[in-house]
Amino acid sequence: MPLPKLTLRFDPSTEGLTQLPTWFWVPNMDTNFEVGPVGVDGYAVTVSLHPVSYHWTFGDGASANSTKPGSGANAEAASVVHTYHETGTYRVGLTVSWAGSYTFTGNGAAQTTSLGPVQQAEVYRNYVVQQVRSVPLNP
């Protein structure tokens, strides 16, 4: 069963700055995901999943976990916040863990079984971090 496509978002969105926080989130992540019913050997199978955790890697050796997808409204609404200390291009990764259940129905019977956690394959996106320096002006 294909899981929803993950899209990583950052703010600042184009390039980060050293020593300033960047917030990260996953837009359009529904709280519940359902597929089915699908016919399998005379039974109808329905799978219901919901995300339970978000594991972020920032490409600089740091990582963080969250239980929410977050939003880009502000740092408090983000899934996680991270500050880079060096310039560079970083490979940011996200792994989402899902839990839920699947239900078989058919021949007058129904059975539901717990499922999870199931880890979605990690997705990556490059993020460029620059440095800003103040330069005194000579009159």
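- Residues satisfying the ring-ring contact (aromatic ring centres under 6.0 Å, His included) test with Phe58, not counting sequence neighbours, are Phe24, His82.
- Side-chain atoms of Asn107 never come within 3.5 Å of backbone atoms of Ala109 as a donor-acceptor pair (strictly under, hydrogens ignored).
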Mind listing the side-chain donor-acceptor pairs of residues 5-12 below 3.5 Å, one per line with the distance, residues two or more places apart or on another chain?
none

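- Closest approach of Ala99 and Val52 over heavy atoms only: CB-CG1, 3.8 Å.
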Residues 85-95 side chain polar contacts: donor-acceptor under 3.5 Å, at least two apart:
{"from": "His85", "atom 1": "ND1", "to": "Gln19", "atom 2": "OE1", "distance (Å)": "3.2"}
{"from": "Tyr90", "atom 1": "OH", "to": "Glu86", "atom 2": "O", "distance (Å)": "2.8"}

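- Residues passing the side-chain hydrogen bond (donor to acceptor under 3.5 Å, both in side chains) test with Thr112, sequence neighbours excluded: Thr103.
- Every residue was checked against the side-chain hydrogen bond (donor to acceptor under 3.5 Å, both in side chains) condition with Ser101, not counting sequence neighbours, and none meets it.
- Under a 3.5 Å cut-off, the side chain of His55 and the backbone N or O of Val96 do not form any donor-acceptor pair.
- Scanning for side-chain hydrogen bond (donor to acceptor under 3.5 Å, both in side chains) contacts around Trp23 gives an empty result, with sequence neighbours left out.
- Note on residues 116-125: pairs passing side chain to side chain donor-acceptor pair (under 3.5 Å), not counting sequence neighbours, are Thr57-Glu122, Trp98-Gln120, Glu122-Tyr124.
- Remark: Glu15 pairs with no residue by the side-chain hydrogen bond (donor to acceptor under 3.5 Å, both in side chains) rule, at least two apart or across chains.
- Residues forming a side-chain contact (heavy atoms from CB on, under 4.5 Å) with Leu20 (at least two apart in sequence, or on another chain): Leu17.
- Lys68 places no side-chain N or O within donor-acceptor distance of the main-chain N or O of Tyr54, the cut-off being under 3.5 Å.
- Under the rule for a side-chain contact (heavy atoms from CB on, under 4.5 Å), the partners of Asn74 that lie at least two apart in sequence or sit in another chain are Glu76, Ala77.
- Take Thr113 and apply the side-chain contact (heavy atoms from CB on, under 4.5 Å) test, not counting sequence neighbours, and it matches Tyr102, Gln111.
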